[in-house]
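A quick write-up on the structure given underneath.
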There are 2 protein chains.
Amino acid sequence: MDRRQRKTRDAIFKAFTELLSKKDFSAITVGEIIECADVGRATFYAHFETKEFLLKELCEELFCHLFDSMKGEHSHHHIFNCNAPDSAFLHLFEHLENNDNKILDLLSGENNGLFLQYFKKDLLHLIYSQLDNLKTEKHKGLPQEFLANHIASTFVETVKWWVDNGKQESCSQITDYFFTVI
Amino acid sequence: MDRRQRKTRDAIFKAFTELLSKKDFSAITVGEIIECADVGRATFYAHFETKEFLLKELCEELFCHLFDSMKGEHSHHHIFNCNAPDSAFLHLFEHLENNDNKILDLLSGENNGLFLQYFKKDLLHLIYSQLDNLKTEKHKGLPQEFLANHIASTFVETVKWWVDNGKQESCSQITDYFFTVI
DNA sequence: TATATTATCGAACAATGTGTTCGGTAATAA
DNA sequence: TTATTACCGAACACATTGTTCGATAATATA
């Protein structure tokens with residue numbers, strides 16, 4: 001990849017995340033992005049078809065980083081053991097709290113539905129692949145897809161609630177809440 | 001209210017719901033609405049400040065109707081008893097199924113975040129007022145706001161899942177699913 | 001019924017945002 | 001050194017928004 005391309009791409013991503021921390025996705029215009037990134041209009045469209053594609057690629061980068069780093073740290077088999085103190089969900093909360101990458105800024109926004117959708121989709125893959133470890137007695141009789149969707153939704157909603165309430169709870173505490181309602 | 005105002009308002013609501021059943025809220029333009037409703041542009045803006053306010057007023061009308069009709073049918077005290085065959089949630093599912101083709105179309109859309117937000121907000125009021133009846137032993141130790149939010153979110157997500165999967169389950173069945181994960 | 005009010009029309013308008021085009025320039029790769 | 005290609009910047013057509021204004025017709029009121 002051409003060095004110029006890399007620079008331009010990075011500048012756009014940087015400008016975009018900066019703007020996302022200040023306002024909702026739907027309120028951001030291409031004009032603002034290119035002004036903040038200091039690139040030409042045609043250049044933006046040479047890289048990204050639309051604003052939505054830009055968000056999608058940003059999400060892929062963020063979530064790929066997030067979930068991959070998690071997998072690296074937890075290659076042992078009790079990742080999803082609810083009682084394990086180092087359950088994957090606790091580590092997800094911790095990663096989100098030590099938010100290097102401004103994910104939480106995006107989660108707390110009002111009209112960032114697309115972002116949540118992408119986040120949930122990736123999370124769902126993770127949960128689905130480990131569903132057997134998450135199942136309890138009471139879950140018998142439920143379709144797998146329903147259960148997986150429910151767990152993913154509950155996690156996303158828990159994070160949203162946590163952020164919207166100012167992150168008053170510790171990571172282990174909010175993880176407890178999550179496992180309690182699951 | 002002037003008869004002309006009523007007619008115009010109804011025509012706009014009708015056109016709007018028709019369009020909403022065909023495409024996402026964000027893709028609908030004021031131009032389409034007024035063409036479909038056959039009213040002037042200035043007339044539209046005399047009634048609604050923006051597209052968003054139109055959606056808000058439509059939601060208020062729909063949900064007011066939905067929740068009020070439910071309250072009327074169930075003034076007895078075990079509305080929220082999980083085991084009661086006529087629990088409020090079962091009736092909510094039934095109301096949604098006998099849908100006048102409006103609410104469910106909106107719930108299934110991709111980018112109808114605002115709609116879901118309004119729906120959840122009204123649902124939350126209902127749940128919050130009856131939270132004690134919904135609490136189980138396992139819920140002890142959770143903040144009320146967290147629990148109420150979780151129940152409301154789970155209901156919304158359950159409905160969404162149900163609709164997205166083609167409403168293959170019966171109302172009582174999907175209600176069972178809901179109570180199982182709650 | 002006569003009169004005053006007011007909702008609507010229709011057409012035009014500025015303002016903003018989107019996505020594209022094109023020739024010129026400069027960085028990069030070969 | 002030469003060919004390629006990413007970028008600039010300016011302009012462009014187009015769509016959408018929200019407003020304005022005088023004329024018209026439906027409605028309320030007396």
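Lettering follows sequence order; numbering is per chain, from 1.
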Worked check of ring pair (Phe, Tyr, Trp, His ring centres under 6.0 Å) between Phe178(A) and Phe146(B): CA-CA 10 Å; Phe178(A) 172 68; Phe146(B) 179 84; 9.0 Å; no
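Rounded to an integer number of Å, the gap from CD of Glu35(A) to P of dC8(D) is 14 Å. When the P atom of dA7(C) is taken as reference, atom CG of Asp38(B) falls 19 Å away, rounded to whole Å. Following rounding to the nearest Å, Lys7(A) (NZ) and dA26(C) (C1') show an atom-to-atom distance of 13 Å. Per the geometry, CD belonging to Gln5(B) stands 12 Å off C1' belonging to dT5(C), to the nearest Å. Atoms OH (Tyr45(A)) and C1' (dA6(D)) sit 18 Å apart, rounded to a whole Å. In this structure, the CD1 atom of Ile34(B) is 13 Å from the P atom of dT8(C), given to the nearest Å. Atom CZ in Arg3(B) sits roughly 13 Å away from atom P in dT8(C) (whole-Å rounding). Look at NE2 on His47(A): it is 15 Å from P on dT5(D), rounded to the nearest Å.
OP1 or OP2 of dC8(D) sits under 4.0 Å from a side-chain N or O of Thr43(A). For the OP1/OP2 pair of dC7(D) and a distance below 4.0 Å, the side-chain nitrogens and oxygens of Thr8(A) include at least one atom meeting the criterion.
Closest-nucleotide positions on DNA chain D for Ile28(B) and Arg6(B) were compared, and the one nearer the 5' end corresponds to Ile28(B).
Below 30°, between 30° and 60°, or above 60°: for Phe89(B) and Phe179(B) the angle between ring planes is above 60°, a perpendicular geometry.
Among the nucleotides dC8(D), dC9(C), dT18(C), the one closest to any side-chain atom of Thr29(A) is dT18(C). Residue Arg4(A) places its side chain closer to dA27(C) than to any other of dT27(D), dT17(D), dA27(C).
Residue contacts for Ala42(B): at a heavy-atom cut-off of 4.0 Å it reaches a base atom on one of the strands shown. Base engagement by Arg41(A) is indicated by at least one non-hydrogen atom pair under 4.0 Å involving a base atom.
Counting heavy-atom neighbours within 6.0 Å of Glu49(B) CD, excluding the residue itself, gives a total of 12 or less.
Using a cut-off of 4.0 Å between Lys/Arg side-chain N and Asp/Glu carboxylate O, Lys56(B) and Glu52(B) are scored as not salt-bridged.
Formation of a donor-acceptor pair under 3.5 Å by the Asp24(A) side chain with backbone atoms of Ser26(A) is not found in this model.
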